[in-house]
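The structure under discussion appears below in the form of structure tokens.
Note that the coordinates shown come from a computational prediction; the quantities given were computed from them, not determined experimentally. Letters go in sequence order (proteins before strands), and every chain restarts at 1.
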Amino acid sequence: MNKKEILEKFSADPERYYNVNLFEDQGFERRSCIVCSRFFWTLDSERTKCPDHSDDTYSFIGNPPTAKRFDYTQSWKEVESFFVKNNHTSINRYPVVCRWRDDLYFTIASIVDFQRVMGSKVVFEFPANPLVVPQTCLRFKDLENVGVTGRHFSSFCMIGQHSIPNDNGYWKDECVNLDFNLLTEQFGIAKKEITFVEDVWEGGGSFGSSLEYFVRGLELGNAVFTEFQGDLSDYKTLDQRIIDMGAGLERFAWITMGTPTAYDCCFGPITEKLIGQAGIDANSSVLTPYFTEIAKNLELYEDLTQVRKNAIKTTGLTDEQINRIITPLEGIYLIIDHIRTLIFAISDGALPSNVGGGYNLRIMLRRIVSTMDRLKLKFDLDEIIDIQIDYLKNTYPELEKTRNDVKEIISIETGRYDSSKQRMQKIVSKLNKEPKVEDLITLYESDGVTPEYLKEMKVISEIPSSFYSKLSDLHQSKKQKEQVNLPLEGIPDTELLFYNEDPREFNAKVLKSFENFVVLDKTAFYARGGGQEPDHGKISGQEIVDITKHGNIVVHEIKGEIPKEGDVVSCVVDTKRRDGITKNHTSTHIINTSARSVLGSWVWQHSAFKEEDHARLDITHHSALTDEDVTKIEDAANSIIEKAIPVKIENFDRGTAEQKYGFRIYQGGVVPVKSVRIVSIGDLDIEACGGTHVANTSDVEQIKITRTKRIQDGVVRIEFVSGDGAKEFVKKKQQDSENKEKEEKLREQEKEKRLEQRQIVKERIPVIAKSLLECKQGRTTIDEITVEVIESGKANFCYSDSNNYDDVFHIGLGEVLCKSDPNMIYCGLFEQGEKIRVIVYAGDDISKEKSAGDIVKSISQILGGAGGGSPKFAQGGGTDKSKKEDAIKNAKSMIIE
RNA sequence: GGGCCGAUAGUUUAGGGGUAUAGCGCCACGUUCGCAACGUGGAAGUCGAGGGUUCAAUUCCCUCUCGGUCCA
């Protein structure tokens with residue numbers, strides 16, 4: 001079933017699917033486009049083509065069809081007042097970070113606001129009916145169009161008009177009526193200008209007809225009537241029909257203003273300001289024809305560069321005009337658009353990073369910076385943010401609160417980009433040959449140097465076609481989560497006692513037992529979930545190893561004999577463990593809010609883990625935490641404990657909770673049930689949470705952060721302990737520091753000793769050396785060092801086998817002796833633990849005949865080891881201490897021969 | 001979660017199984033009325049921690065810690 005088939009079927013029966021009262025009342029005619037045969041409804045008897053092929057396409061540029069001019073802010077005021085006047089509730093926009101659906105990172109349409117997960121199904125939950133909402137939506141599909149086409153944005157405001165047909169809401173007739181009146185009455189567009197095009201919508205298993213409305217080729221809105229489910233041959237009406245009318249606010253503004261691009265009338269005063277700063281002639285007469293051509297050509301060619309080329313050709317623009325006016329304008333539009341998106345995204349808690357949706361934000365920031373570089377424009381980003389927020393807060397007052405946070409994040413990210421660019425340049429400059437595919441992958445994986453960048457820098461001429469396939473092979477998920485299928489059919493939901501009286505001992509009936517698993521009719525054991533580890537304890541005397549939840553059935557895994565089905569068993573919860581986990585869970589909430597207040601509004605829980613004796617909380621944050629940050633967070637957390645704030649637990653309808661507390665409640669992720677359990681610590685922290693909590697923050701006693709770590713870009717892990725664990729940790733830490741102090745002292749002493757020894761060696765060597773060198777003939781021993789002087793001109797041999805000296809001494813003495821006597825060979829042997837070591841030094845002259853290296857090799861062999869070195873200096877050793885005498889003899893014979 | 005890189009004197013760093021490099025900084029002396037500059041000399045290192053291999057490890061291997069970075 002595809003859209004085309006549905007459209008064919010629906011358009012074959014227009015009376016049933018498309019005809020609405022308005023068309024009857026006003027006398028709309030249904031026509032088929034003479035170009036594409038698409039069906040549309042119009043009051044204009046001359047109109048023979050659908051809006052896509054119409055001759056008046058984009059003729060509003062430079063000549064708007066309305067008497068009044070409304071900019072972005074004013075357009076929303078008009079829309080809002082119209083719908084409110086017509087009994088709609090105006091709802092504030094929802095966050096652009098879509099935390100209530102885990103299949104979406106960003107909010108991409110107004111209808112998404114009201115979609116909730118229920119088990120595995122998506123359902124609609126409306127806070128009012130009917131309603132209208134100015135929903136900021138983020139879309140990153142056509143980023144390359146932004147700034148160029150005149151109408152593509154990375155974020156835009158979707159006017160959402162939503163209704164459920166019941167006592168309060170309405171269906172098709174009323175919807176189209178309202179939309180028509182909005183255009184004609186509120187915006188003053190002539191009735192003949194408005195064209196409705198037949199279309200369909202399909203997705204998520206349901207489908208329905210839709211009417212797109214156009215004015216002069218510009219699609220202003222699309223009213224989707226989600227009505228059916230099933231197959232095209234056999235479908236039935238949904239229990240919950242809804243109207244999803246989405247319209248682009250930017251386009252409403254554009255059509256009333258008739259500016260060359262939608263950008264010119266939607267960003268407020270910033271556009272003019274930047275154009276002025278860049279010194280572009282904004283009133284140039286080329287703009288209107290050029291952008292009209294662009295808009296028209298966009299439908300004709302797929303390739304944007306082709307669209308651009310053609311528009312330039314048709315309007316006869318010179319290269320000079322392109323370079324001086326068009327290109328910088330495109331850059332400015334892009335910069336403003338991207339910053340506006342970043343303002344919304346960062347305000348709502350997203351951070352630029354290398355993962356998921358955050359990556360889109362990073363890409364956008366990099367596009368902003370590289371566009372400025374390319375066009376040699378130097379804008380003050382902080383100023384752009386300020387001016388934009390000043391303008392946007394007319395519609396979205398909440399942006400004021402995060403003004404400084406947005407600036408901070410953008411400045412951090414800009415700095416990172418600068419250093420990463422430098423790093424890439426450095427790496428690229430080091431490349432000395434054309435890299436192979438394998439090298440490209442290494443460069444990409446370990447250094448983040450993209451092949452695109454290499455191509456741009458002309459290091460490679462083409463990106464090898466195998467690059468991406470090899471890369472994806474590399475990242476093919478290694479582990480597959482194994483799905484366990486337990487025989488649980490027909491078993492009723494387990495009654496969860498820990499949400500009520502929460503007894504530590506109770507009796508329950510065994511509903512099912514198999515392998516090591518037991519299912520009870522009720523349980524006070526907490527099952528693994530929400531990052532909270534399961535309880536331990538005993539079921540009829542048998543140890544529990546794990547507890548998991550399958551749907552609403554709790555399954556206990558036990559060690560030992562399992563009870564029989566039908567038995568009533570006595571159960572005991574491990575209280576100490578539960579208390580520990582409970583304290584840690586409440587602590588998680590406390591640290592989360594503390595971190596947010598210390599670090600900034602962008603801090604959200606990323607994930608969490610609570611065990612009996614430790615816990616961790618991962619939060620979204622742009623940098624690693626400093627010691628100061630940690631201390632501040634810890635202090636803030638402990639002050640919450642000191643204040644002894646009651647921890648309140650209430651159940652709410654999901655929609656009510658969202659309206660009452662906002663989306664901060666979804667710290668732990670999507671809640672798949674209609675009723676949410678709200679855990680609040682005063683008004684400091686309010687979260688939807690299914691875990692166990694203490695009654696008062698004072699019960700936590702103390703929180704101690706044990707460690708923090710950056711676990712990925714944009715996520716910081718805080719590991720901590722609370723209650724007795726915290727006390728123990730503090731005690732242990734104190735002991736550790738004491739031990740460390742002791743160790744340090746010991747080290748200091750050793751160091752002193754070493755220095756002393758060195759001093760002695762340094763002072764004694766010259767004295768000993770002097771005496772040794774003074775020996776003229778025969779054999780002399782001084783301080784256990786023996787020197788044998790052979791007739792002059794031949795080798796002199798000096799050796800020591802005393803264990804009173806160490807390597808530093810032998811090396812020092814050898815060096816001094818050989819420097820003074822070029823015929824001297826010095827040989828030092830000494831025991832070191834179980835081993836014996838040998839050091840040989842040879843004077844300049846003698847070393848040419850008798851290499852120290854050779855001597856050492858020979859001696860070491862005798863000693864049962866090995867050695868080596870240069871002709872002048874060598875060292876070696878062995879294990880056989882008893883061969884010491886032999887070794888000396890050998891050395892002597894080698895030297896004297 | 002996975003990969004890659006790094007940790008050497010106060011600092012920035014070279015090196016690499018066999019005496020640990022150099023610049024800056026520091027100290028002393030010389031030159032100078034004095035400073036800077038210059039010249040000469042010097043002090044300063046358990047080469048991140050712990051194991052292993054080896055006669056010998058800062059170097060090779062393993063584990064860990066910390067830091068950086070990239071990918072998912």
Atom NE2 of H810(A) and atom P of A56(B) are separated, to the nearest Å, by 17 Å
Practice item. Considering only NZ, NE, NH1 and NH2 on the basic side and carboxylate oxygens on the acidic side, decide whether R528(A) and E533(A) come within less than 4.0 Å. Key: yes
Atom CD of E719(A) and atom C1' of U65(B) are separated, to the nearest Å, by 14 Å
Atom NZ of K835(A) and atom C1' of U53(B) are separated, to the nearest Å, by 11 Å
Exercise. Using atom C1' of each nucleotide, how far apart are A37(B) and U31(B) to the nearest Å?
Worked result: 11 Å
| said: Roughly how many Å apart are G41(B) and C35(B), using the P atom of each and rounding to a whole number? | reply: 22 Å
When rounded to whole Å, the CD1 to P distance for the pair I859(A) and A56(B) reads 17 Å
Here the distance between atom C1' of G1(B) and atom CZ of R616(A), to the nearest Å, is 12 Å
Checklist line | Euclidean distance for C1', G52(B) against A57(B) (whole angstrom) | finding: 11 Å
Each nucleotide N or O in nucleotides 17-19 of chain B that has a protein N or O under 3.5 Å away: list the pair and distance.
residue: G18(B); atom: O6; partner: G868(A); partner atom: N; Å: 3.2
residue: G18(B); atom: N1; partner: Q875(A); partner atom: O; Å: 3.2
residue: G18(B); atom: N2; partner: Q875(A); partner atom: O; Å: 3.2
residue: U19(B); atom: N3; partner: Y841(A); partner atom: OH; Å: 2.7
residue: U19(B); atom: O4; partner: Y841(A); partner atom: OH; Å: 2.5

Between G10(B) and C26(B), how far apart are the two C1' atoms, rounded to whole Å? 8 Å
Under a 3.5 Å limit on both distances, the Watson-Crick or wobble mate of C47(B) is none
When rounded to whole Å, the CZ to C1' distance for the pair F830(A) and C55(B) reads 10 Å
Applying the 3.5 Å cut-off to both distances, the Watson-Crick or G-U partner of U19(B) turns out to be none
* To do: Evaluate the ring planes of H810(A) and Y826(A), with Trp represented by its six-membered ring, and classify them as parallel (under 30°), tilted (30 to 60°) or perpendicular (over 60°).
  => tilted
Notebook entry, point to check: Using the C1' atom in both, what is the distance from A49(B) to U13(B), to the nearest Å?
Noted result: 22 Å
pair_partner(U69(B)), Watson-Crick or wobble, both distances < 3.5 Å, evaluates to G3(B)
Just checking F106(A) against F140(A), ring centres under 6.0 Å apart? yes
Between Y841(A) and F873(A), does the ring centre distance come in under 6.0 Å?
yes
So CZ of F609(A) and NE2 of H585(A): to nearest 0.5 Å the spacing works out to 12.5 Å
Cationic N near anionic O, under 4.0 Å, K632(A) to D635(A): no
* For atom C1', what is the distance between A22(B) and G45(B), given to the nearest Å? -> 14 Å
Margin query: Taking U21(B) as the reference, what is the distance to U59(B) when you measure between their C1' atoms (whole Å, please)?
Written below: 15 Å
Margin query: Taking C47(B) as the reference, what is the distance to C38(B) when you measure between their P atoms (whole Å, please)?
Written below: 33 Å
Notebook entry, point to check: Under 3.5 Å, is there a donor-acceptor pair linking the side chains of Q605(A) and D618(A)?
Noted result: no
The residue among I895(A), I825(A), D821(A), N796(A) that forms side-chain contact (heavy atoms from CB on, under 4.5 Å) with I846(A) is I825(A)
When both distances are under 3.5 Å in a Watson-Crick or G-U wobble arrangement, the nucleotide paired with A14(B) is none
If pairing means Watson-Crick or G-U wobble with both distances under 3.5 Å, then the partner of G30(B) is C38(B)
